[in-house]
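Only one structure is covered here, and it is reproduced in the block below.
Chain letters run A, B, ... following the sequence lines, proteins first and then strands; every chain starts at 1.
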Number of protein chains: 2
Amino acid sequence: MSPRPEASGRSAARAALALRKSAPVFAALGDDTRLRLVALLCAGGAMSIAQLTLGTDITRQAVTKHLHVLADAGLVHDVRQGRERLWAFAPDRLAEARRSLDAIAAQWDSALLRLKSTVER
Amino acid sequence: MSPRPEASGRSAARAALALRKSAPVFAALGDDTRLRLVALLCAGGAMSIAQLTLGTDITRQAVTKHLHVLADAGLVHDVRQGRERLWAFAPDRLAEARRSLDAIAAQWDSALLRLKSTVER
DNA sequence: TTCGTGAGCAACCTTTTGGTTGCAGGTTAG
DNA sequence: CTAACCTGCAACCAAAAGGTTGCTCACGAA
């Protein structure tokens with residue numbers, strides 16, 4: 001009876017917790033500048049703050065703040081190297097967020113299926 | 001030559017656009033209350049504001065504001081019915097956001113692969 | 001018709017956010 | 001050693017976000 005399609009039980013509660021845990025990640029991604037930073041670090045490997053500021057129209061300090069927001073959300077981590085500080089993408093939290101969205105979508109699909117079967121009955 | 005694995009060309013630019021488009025969706029999901037609302041509407045079908053306020057410790061007005069934020073992000077839409085107004089989940093934008101996260105993850109994986117092959121060479 | 005209920009609108013308040021400027025501290029190249 | 005460069009910290013500011021209260025309006029049932 002385990003693969004039963006979500007009877008509002010324990011697994012739903014677990015999903016809700018995972019969802020609440022992903023909220024800060026979504027909040028961190030919900031900004032153009034930060035989303036761009038994530039994409040950059042994701043494609044180009046670790047970069048310094050100065051490099052990340054290049055190509056932006058905001059101050060280095062603003063970029064620093066955004067990086068800290070991303071770090072607090074666990075999307076990014078820093079490595080000190082000499083006089084620079086390199087920032088790198090950290091994939092774990094984003095994977096969690098991805099699973100959360102998948103869970104929501106799956107819940108929607110199953111709700112649609114239930115509705116359809118109810119109508120046909 | 002179309003399914004070439006991302007040579008930083010036109011398709012990358014298209015992905016960047018899709019990403020920027022998803023930022024408002026992530027911003028809308030980046031709040032505990034709204035995430036909970038989305039999960040509710042996703043599982044339970046359309047609901048009125050009064051119903052959605054039940055089980056929350058905030059005012060009906062606050063819930064209304066959150067619903068408007070979600071509607072602006074395209075995650076939810078409303079249907080007027082008599083004196084009530086029902087809110088329902090709208091899956092399209094969330095699917096787009098999901099694809100955006102997938103694209104980021106894929107970019108990360110391919111970057112790792114490139115790095116690995118470079119090291120081995 | 002009248003009363004109860006679900007909703008809209010507007011004003012207001014506090015906290016957070018996104019951004020800036022200015023200055024001080026390490027590090028590395030010449 | 002010294003100058004150039006990358007970074008950190010703190011103060012400050014304007015705008016946006018999250019929330020509340022108070023009032024009004026529309027609908028439905030009795």
Let me check something: any side-chain donor-acceptor pairs from residues 43-54 of chain B under 3.5 Å, sequence neighbours excluded? List them with distances.
residue: B:Ser48; atom: OG; partner: B:Gln51; partner atom: N; Å: 3.2
residue: B:Ser48; atom: OG; partner: B:Gln51; partner atom: OE1; Å: 3.4
residue: B:Gln51; atom: OE1; partner: B:Ser48; partner atom: N; Å: 2.9
residue: B:Thr53; atom: OG1; partner: B:Ile49; partner atom: O; Å: 2.8

(message) Run through DNA chain D and report every stem of 3 or more consecutive Watson-Crick or G-U pairs, distances under 3.5 Å, ordered by first number.
(response) C:1-30 with D:1-30
(request) Measure from the side-chain N and O atoms of B:Arg34 to the backbone N and O of B:Ala28, and report whether any donor-acceptor pair falls under 3.5 Å. (result) yes
(request) Let me know the distance between CG of A:Asp72 and C1' of C:dT17, rounded to the nearest Å. (result) 13 Å
(request) Would you name the heavy atoms of B:Asp31 and B:Thr33 that are closest together and state the gap between them? (result) OD1-N, 2.9 Å
(message) Any residue in residues 56-68 of chain B with a heavy atom nearer than 4.0 angstrom to DNA chain C? Just list them by number, or reply none.
(response) B:Arg60, B:Gln61
(message) Holding to side-chain hydrogen bond (donor to acceptor under 3.5 Å, both in side chains), I want the full list of residues that pass it with A:Asp72, two or more places apart in sequence or in another chain.
(response) none
(message) Just to be sure I understand the geometry, which residues of residues 38-55 of chain A put a non-hydrogen atom under 4.0 Å away from DNA chain C?
(response) none
(request) Could you pull out the closest heavy-atom pair between A:Leu41 and A:Trp87, with the gap in Å? (result) CD2-O, 3.3 Å
(message) So, using side chain to side chain contact (heavy atoms under 4.5 Å, CB included) as the criterion, who are the partners of A:Ala23 when residues are at least two apart?
(response) B:Asp32, B:Leu35
Throw together a table of side-chain donor-acceptor distances under 3.5 angstrom for residues 89-101 of chain B, partners on residues two or more places apart or in other chains.
residue: B:Arg98; atom: NH1; partner: A:Asp102; partner atom: OD1; Å: 2.8
residue: B:Ser100; atom: OG; partner: B:Ser22; partner atom: OG; Å: 2.8
residue: B:Ser100; atom: OG; partner: B:Glu96; partner atom: O; Å: 3.3

(message) Considering only residues two or more places apart or on different chains, which pairs with a residue in residues 46-66 of chain A satisfy ring pair (Phe, Tyr, Trp, His ring centres under 6.0 Å)?
(response) none
(request) Return the residues of residues 19-31 of chain B meeting this criterion: a heavy atom under 4.0 Å from some atom of DNA chain C. Order them by number, or give none. (result) none
(request) Answer with yes or no whether the hydrophobic clustering places A:Val69 together with B:Ile104; edges join I, L, V, M, F, W, Y residues whose side-chain heavy atoms lie under 4.5 Å apart. (result) no
(message) Quick check for you: to the nearest 0.5 Å, what is the distance between A:Ile58 atom CD1 and A:Lys65 atom NZ?
(response) 11.0 Å
(request) Could you pull out all residues at least two apart from B:Asp109 that satisfy side-chain hydrogen bond (donor to acceptor under 3.5 Å, both in side chains)? (result) none
(request) Please round to the nearest 0.5 Å and tell me the distance separating atom CD of B:Gln107 and atom CG of B:Leu19. (result) 8.5 Å
(request) Return the value, rounded to whole Å, for the distance between atom CG of B:Asp32 and atom P of D:dA17. (result) 17 Å
(message) I'd like to know if B:Leu75 and B:Leu40 are part of one continuous hydrophobic network [Ile/Leu/Val/Met/Phe/Trp/Tyr, side-chain heavy atoms within less than 4.5 Å].
(response) yes
Give me the distances for all protein-to-nucleotides 26-29 of chain D N/O pairs that come in under 3.5 Å?
residue: D:dC27; atom: O2; partner: B:Arg83; partner atom: NH1; Å: 3.3

(request) Using a heavy-atom cut-off of under 4.0 Å over every strand shown, decide if A:Arg80 touches base, sugar-phosphate, or nothing. (result) nothing
(message) Can you list everything that forms a ring pair (Phe, Tyr, Trp, His ring centres under 6.0 Å) with B:His77? Sequence neighbours excluded, please.
(response) none
(message) Let's go through A:Leu29 and A:Val25 carefully: what are the C-alpha distance in whole Å and the side-chain angles of both, what is the deciding distance for side chain to side chain contact (heavy atoms under 4.5 Å, CB included) to 0.1 Å, and is it a yes or a no?
(response) CA-CA 6 Å; A:Leu29 294 176; A:Val25 177; 4.2 Å; yes
